2 protein chains.
Amino acid sequence: MYSALYNHINKFIDLSSDEQEILASLLKSFSFKKKAYLHEVGDICRANYFVVKGCLRLYFVDIKGAEQTTQFAIENWWISDLTSFIFQKPSDFYIQAAEQTEVIAIEHRHYDEILEKIPKLEKYFRSIYQKLHQASQIRIKYLYSQTAEERYTNFNKLFPEFVQRVPQYMLASYLGFTPEFLSKIRAKR
Amino acid sequence: MYSALYNHINKFIDLSSDEQEILASLLKSFSFKKKAYLHEVGDICRANYFVVKGCLRLYFVDIKGAEQTTQFAIENWWISDLTSFIFQKPSDFYIQAAEQTEVIAIEHRHYDEILEKIPKLEKYFRSIYQKLHQASQIRIKYLYSQTAEERYTNFNKLFPEFVQRVPQYMLASYLGFTPEFLSKIRAKR
DNA sequence: ATCATTTCTTAAACTACATTAAGTTTTTTG
DNA sequence: CAAAAAACTTAATGTAGTTTAAGAAATGAT
């Protein structure tokens with residue numbers, strides 16, 4: 001039970017078995033079918049989700065009605081709409097399963113409690129958010145320095161397996177262009 | 001000494017005076033003139049910087065030779081090239097003072113030490129990185145959903161004082177367009 | 001105050017990518 | 001395994017924003 005998360009946590013800190021037990025009492029597992037929603041626009045993002053198996057995506061629908069995927073989370077990554085999660089206010093985003101997905105969830109009412117009862121986890125989450133911030137800095141740099149085609153080529157080189165996992169239209173919006181343009185890029189090869 | 005930082009930290013946690021003393025022994029203050037570099041491309045980002053007064057920017061020079069500003073930090077924000085700072089490897093970025101700026105610095109060799117000696121600070125930095133991640137999520141959403149003109153109008157509405165503080169060419173690149181286009185937008189009004 | 005430097009503006013020509021729309025292929029479901 | 005739904009492709013047309021280049025205005029240094 002929850003061993004995927006324990007293994008991940010233990011890469012950063014050492015949890016005693018007492019602490020593991022406390023933690024276990026405050027977690028929940030969920031399973032989502034492909035295309036199921038963890039929450040929709042207007043809902044409150046009730047939990048911070050750790051992906052055990054599968055793939056989630058965070059997206060919104062823009063003014064023209066197009067889905068814009070802004071984040072993916074695969075195995076061992078956390079995902080949530082943080083603003084909605086922290087302040088428990090309605091989200092502007094959807095979180096959807098891009099594949100059949102198993103998650104471990106920390107619900108909002110247990111988030112502070114977990115950190116109070118197991119202060120060591122502050123270090124774990126500090127590390128997690130630090131990594132997320134690092135990833136953002138790199139992503140923003142790519143968005144600002146490369147053309148659409150370069151972003152695709154580069155992403156494909158860095159994460160070839162991942163590119164196979166999700167529909168192209170999700171990837172296109174994540175990389176900041178239209179599915180039609182992605183087709184065009186691919187046709188060139 | 002360092003009171004700007006203590007005040008900020010105390011919004012998140014309570015530091016004892018013992019802890020403040022330990023912390024003080026591991027911090028350094030620096031002052032930078034407008035346009036001075038905290039580090040340049042190829043240098044290692046030696047410290048994580050807390051802005052006491054003034055404004056810093058993180059930017060890189062793209063393949064066409066244009067400066068792309070990817071982050072600003074004003075009073076009470078932290079800034080660094082995290083990848084370079086954490087792994088102590090050469091940076092792809094410049095960090096430059098956009099104004100005469102006073103900072104408090106945590107140098108890399110003291111970063112882990114500070115967190116070990118004052119574990120409470122894990123919570124502080126968890127909160128800081130959590131906020132930064134939240135800001136990134138919002139920023140990415142704006143980048144993906146608004147036109148250049150909307151981004152400018154919106155930013156101007158949210159941070160009117162800040163828009164006055166930095167040259168337009170820095171703002172233009174931060175918002176993802178050229179200075180010429182910004183002039184065009186402004187001419188419309 | 002004056003000169004040099006930096007920043008901002010204007011406008012014409014250009015281009016990377018979006019839009020629209022129709023057709024094709026692949027995947028899902030009963 | 002057939003029908004429906006979802007995902008992908010192609011191509012013509014359109015446009016938001018870039019590029020280039022020159023001049024004007026603001027700021028800084030002596």
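It should be emphasised that the depicted structure is a prediction, and the values quoted were computed from it without experimental measurement. Every chain is numbered from 1 and lettered A, B, ... according to where its sequence line falls, protein lines coming before strand lines. Only heavy atoms go into these numbers, but all of them, side chains included; no hydrogens, no water, no symmetry mates.
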Mark yes when over 12 heavy atoms from residues, nucleotides or ligands other than Tyr2(B) sit less than 6.0 Å from its OH; otherwise mark no.
yes

Any Lys/Arg nitrogen of Lys117(B) or Glu113(B) sitting under 4.0 Å from an Asp/Glu carboxylate oxygen of the other?
yes

What is the distance from [atom1] of [X] to [atom2] of [N], rounded to the nearest Å?
X         : N       : atom1 : atom2 : value
Glu67(A)  : dA7(D)  : CD    : C1'   : 12 Å
Gln164(A) : dA7(D)  : CD    : P     : 16 Å
Tyr152(A) : dC8(D)  : OH    : P     : 11 Å
Lys35(A)  : dA5(D)  : NZ    : P     : 12 Å
Tyr169(B) : dA25(D) : OH    : C1'   : 16 Å
Phe177(A) : dA16(D) : CZ    : C1'   : 18 Å

Using five base pairs at each end, measure the axis-to-axis angle across the helix from dA1(C)-dT30(D) to dG30(C)-dC1(D) and round it to 10 degrees.
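Axis-to-axis angle, ends of the helix: 70°.
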
Any side-chain donor paired with an acceptor under 3.5 Å for Asn10(A) and Tyr6(A)?
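Judged by distance alone, the side chains do not pair up.
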
Parallel, tilted or perpendicular, judged at 30° and 60°: which one describes the rings of His133(A) and Tyr129(B)?
tilted

Relative to each other, are the rings of Phe181(A) and Phe177(A) parallel, tilted or perpendicular (30° and 60° limits)?
perpendicular

Can you run down the salt bridge (Lys or Arg N to Asp or Glu O under 4.0 Å) pairs that involve residues 25-49 of chain A, sequence neighbours left out, and say none if there aren't any?
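For residues 25-49 of chain A: Lys28(A)-Glu107(A).
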
I need the full list of salt bridge (Lys or Arg N to Asp or Glu O under 4.0 Å) pairs touching residues 125-134 of chain A, with sequence neighbours left out, sorted by first then second residue.
Arg126(A)-Glu122(B)

Those residues of residues 178-187 of chain A lying under 4.0 Å from DNA chain D by at least one heavy atom:
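Hits under 4.0 Å, by residue number: Glu180(A), Ser183(A), Arg186(A), Ala187(A).
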
In residues 140-150 of chain A, which ones come under 4.0 Å of DNA chain C, going by heavy atoms?
Thr147(A), Ala148(A)

Between Val51(B) and Ala73(B) the two heavy atoms that sit nearest each other are CG2-O, 3.8 Å

List the residues meeting salt bridge (charged side-chain N to carboxylate O under 4.0 Å, His left out) with Lys89(A), not counting sequence neighbours, and say none if there are none.
none

Apart from Tyr94(B) itself, what residues make up its hydrophobic cluster when side-chain heavy atoms of I, L, V, M, F, W and Y under 4.5 Å apart count as a link, directly or indirectly?
Tyr37(B), Val41(B), Tyr59(B), Val61(B)

Side-chain hydrophobic cluster, 4.5 Å single linkage: members besides Ile63(A):
none

Partner residues of Thr70(A) under the side-chain hydrogen bond (donor to acceptor under 3.5 Å, both in side chains) criterion, sequence neighbours left out:
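side-chain hydrogen bond (donor to acceptor under 3.5 Å, both in side chains) list for Thr70(A), sorted by chain: empty.
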
Going 5' to 3' along DNA chain C, which nucleotides are the first and last within contact of chain A (any atom under 4.0 Å from a heavy atom)?
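On DNA chain C, the outermost contacted nucleotides are dC17(C) to dT28(C).
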
Between the protein and nucleotides 26-30 of chain D, which nitrogen or oxygen pairs are less than 3.5 angstrom apart?
none

Go through the structure and list residues passing side-chain contact (heavy atoms from CB on, under 4.5 Å) with Glu102(B), not counting sequence neighbours.
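Residues passing side-chain contact (heavy atoms from CB on, under 4.5 Å) with Glu102(B): Ser31(B), Val52(B), Lys53(B), Gln100(B).
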
Is the centre of the His39(A) ring less than 6.0 Å from the centre of the Phe93(A) ring?
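Judged by ring-centre distance (under 6.0 Å), His39(A) and Phe93(A) do not meet the cut-off.
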
Output field: ring centroids Trp77(B)/Phe72(B) closer than 6.0 Å:
no

Would you say the side-chain atoms of Thr101(A) pair up with the backbone N or O of Phe32(A), donor to acceptor, closer than 3.5 Å?
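Looks like no, no N/O pair under 3.5 Å.
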
